[in-house]
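Heads up, the thing below is written out as structure tokens.
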Amino acid sequence: MRRIVLEGRGNFEEWRKAARAFAAAGILPDDIDWQEKSSEPGFAFQRDALPPDPAPNARPMSVPPAFMALAEAVICHSDPGRFSLLYSLLWRLLENRNLLDLASDEEVSRARLMQKSVHRDAHKMTAFVRFKEVAAPVGGRRKFIAWFEPDHYIVARKAPFFQRRFTDMDWLIATPKGSAAWVGERLTTSDAPCEKPDISDATDDLWRTYYASIFNPARLKVKAMQAEMPKKYWKNLPEADLIPGLIADAEAKVLAMAEREATMPLAYHNRIREAAARMPAPKRAPAGTLEALREEAAACSRCPLHERATQTVFGEGPVDAGIMFVGEQPGDQEDLAGRPFIGPAGTVFDEAIAQAGIDRSRLYVTNAVKHFKYEPRGKRRIHQKPNLGEVQHCRWWLKLELDLIRPRLVVAMGATAFYALTGEKQKLADVRGRAIAMQEGRSLFVTVHPSYLLRIPDEKRKAQELARFRQEMSLIKGLAA
Ligand code: URA
């Protein structure tokens, strides 16, 4: 019997080196006693030396990639039997490459359960790590510490996730199973167990306020909640001490909610308000500026379209733009990006103005309606034309944009934009392609909407209409000169 003692703290390379040497020397699984180094001071297992490295001309050992993925997870498990289990699987895989497909195999199924448990633990770490800010040198990067108690040796495995998420601050995640730190743009991990630091602070109150405010007693599903947030994580979550009380009161609260008048604010509104009052006020753009208007429009609820749209898509461009282009409403991509004309219609528009020598960065581009109206169909959101009422509600913003930008030339792309700008319903063909006088010495030029060009099924007609649209862009350039 050979005895090998490993640190075993999720370090796959350490196990792999030993396993390769044993397998190459033909040592059977039952002839190896795999031990994990004890963390008890003064305690050390007697260990045997590894077999010598295989000869350079020895046949290389090959295992399926699925085993590597499995072994890299299982090695993080805290079960002391993981090393021998993996070695036994490795040994058997050398005989049967398809071994991992045998779900009924006792060792395969044990390893799969361990892999699942490690993945779950890693997922919980991403969900339940709570950083607390600690004092940092003046002018230096902000510093944060978190304490977490994983079941397995997953800290090094998950450290890159936190590195990607929190690059612009220094942090340390301490756990009884090792630690990870990102300091001055350098990631380090350590196996050494940490002591729990004392890091309760004012942010705990914010977490509690937040948690209490999002807790909806009417939606309480205790079992699902316990599965997602097992009790063992509770003690390190500032909000956890609220949970038993919130659960106990849930039924009474639901009844009270049902009875409460709609106008009465819920109790947690006050807590949110108090927490918000403790936060520094966000910087506001000076009143009367385009930025202030954009901020105001971001909270627009003048019509129901805001309820389903991702965000307000406000106009974009310099405040001294000479030309303002007005479309209909943002499309799917504009709704997600928060910018007008950046989707397929925007591509048609960009190409046409570029050919006419118009620089988009000198234009103000906006829409008659600032929220995306759509019909969900499966996973897609299908554009729906805004109705007259919606256009009328949104004219409020268009008028304010016109008052601030004061463009010499306004271009209506399509009938909705024409109606929003003039309040008149006209056949587009009757007003298209020429300058019309507007108030305040402004001119209005009417053309089609770029989406209309995309929808023309006949290729020849499409090319003709596109050419006409481009010519109109050249006319617009001339009018604005
Ligand atoms: N169609 C529009 O009218 N506006 C956009 O911003 C995009 C598509």
Side-chain angles (χ1 to χ4, degrees), residues 290 293-294 297-298 300 302-303 305-306 308-318 321 323-354 358-377 380-402 405 407 409-422 425-426 428 431-432 444-456 462 465-466 468-470 472-473 476:
L290 189 57
L293 197 59
R294 178 190 302 281
C300 178
R302 297 177 68 83
C303 79
L305 290 188
H306 75 96
R308 297 206 304 172
T310 308
Q311 56 192 312
T312 304
V313 180
F314 204 64
E316 184 179 85
I323 315 178
M324 177 188 281
F325 275 83
V326 185
E328 183 197 72
Q329 63 159 349
D332 181 77
Q333 295 191 28
E334 286 81 8
D335 168 77
L336 297 174
R339 297 182 52 209
F341 282 101
I342 51 99
T347 307
V348 175
F349 173 65
D350 283 347
E351 280 170 9
I353 58 170
I358 301 175
D359 176 2
R360 178 160 174 172
S361 70
R362 292 300 314 145
L363 303 177
Y364 189 82
V365 180
T366 191
N367 282 300
V369 170
K370 308 287 194 261
H371 282 118
F372 178 36
K373 180 174 179 182
Y374 63 92
E375 170 87 15
R377 214 167 290 157
R380 297 183 57 212
R381 305 189 297 171
I382 308 296
H383 164 275
Q384 276 201 313
K385 208 172 167 57
N387 62 35
L388 285 191
E390 288 152 357
V391 177
Q392 272 159 10
H393 275 115
C394 230
R395 286 179 82 192
W396 162 269
W397 296 115
L398 188 60
K399 168 143 187 355
L400 291 171
E401 285 174 297
L402 278 166
I405 309 287
L409 180 62
V410 184
V411 181
M413 295 195 286
T416 304
F418 180 77
Y419 174 72
L421 286 161
T422 62
K425 284 166 90 179
Q426 288 270 10
L428 214 59
V431 284
R432 179 174 180 185
L444 173 66
F445 188 96
V446 186
T447 180
V448 290
H449 192 283
S451 302
Y452 156 76
L453 300 170
L454 287 171
R455 286 194 305 266
I456 300 174
K462 188 180 201 157
E465 280 294 318
L466 202 53
R468 184 170 170 199
F469 183 67
R470 288 180 179 147
E472 286 171 337
M473 295 301 126
I476 288 165

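Whatever order the structure lists them in is the order used to number ligands and atoms, beginning at 1. In this text, all values refer to a predicted model and were calculated from it rather than measured experimentally. Reckoned from all heavy atoms, side chains included, excluding hydrogens, waters and symmetry mates.
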Q.
Between His449 and Phe418 (judged by ring centroids, cut-off 6.0 Å), do the two rings come close enough to count as a pair?
A. no
Q) Taking the six-membered ring for Trp, are Phe349 and Phe325 ring centroids under 6.0 Å apart? A) yes
Q: Starting from the C-alpha separation in whole Å, work towards a yes-or-no answer on side-chain contact (heavy atoms from CB on, under 4.5 Å) for Leu293 and Trp397.
A: CA-CA 8 Å; Leu293 197 59; Trp397 296 115; 3.8 Å; yes
Q) Counting heavy atoms only, which of Glu316, Gln329, Gln333, Arg339 comes nearest to atom 1 (N) of ligand 1? A) Gln329
Q) Quick one: does ligand 1 sit under 4.0 Å from the side chain of Met413, the backbone, both or neither, non-hydrogen atoms only? A) neither
Q. For ligand 1, does Glu334 get within less than 4.0 Å through its side chain, its backbone, both, or neither, judged by non-hydrogen atoms?
A. side chain
Q: For side-chain contact (heavy atoms from CB on, under 4.5 Å), just list the numbers for Thr416 and Gln329, CA-CA rounded to whole Å, side-chain angles, deciding distance to a tenth of an Å, and then say yes or no.
A: CA-CA 9 Å; Thr416 304; Gln329 63 159 349; over 6 Å; no
Give the numbers and elements of all ligand 1 atoms closer than 4.0 Å to a heavy atom of [X].
X: Gly327; answer: 3 (O)
X: Pro340; answer: 6 (O)
X: Glu328; answer: 2 (C), 3 (O)
X: Gly331; answer: 7 (C)
X: His449; answer: 1 (N), 2 (C), 3 (O)

Q) Tell me, which protein residue and heavy-atom name are nearest atom 4 (N) of ligand 1, and how many Å apart are they? A) Asn367 OD1, 2.7 Å
Q) Got a sec: does the NZ of Lys462 have more than 12 other heavy atoms crowding it under 6.0 Å? A) yes
Q.
Looking only at distances, can you tell me whether any N or O atom of Phe341, backbone or side chain, sits closer than 3.5 Å to an N or O atom of ligand 1?
A. yes
Q | Partners meeting salt bridge (Lys or Arg N to Asp or Glu O under 4.0 Å) with Glu390 (sequence neighbours left out) | A | Lys373
Q) Thr310 and Phe372: side-chain contact (heavy atoms from CB on, under 4.5 Å), yes or no, with the steps? A) CA-CA 8 Å; Thr310 308; Phe372 178 36; over 6 Å; no
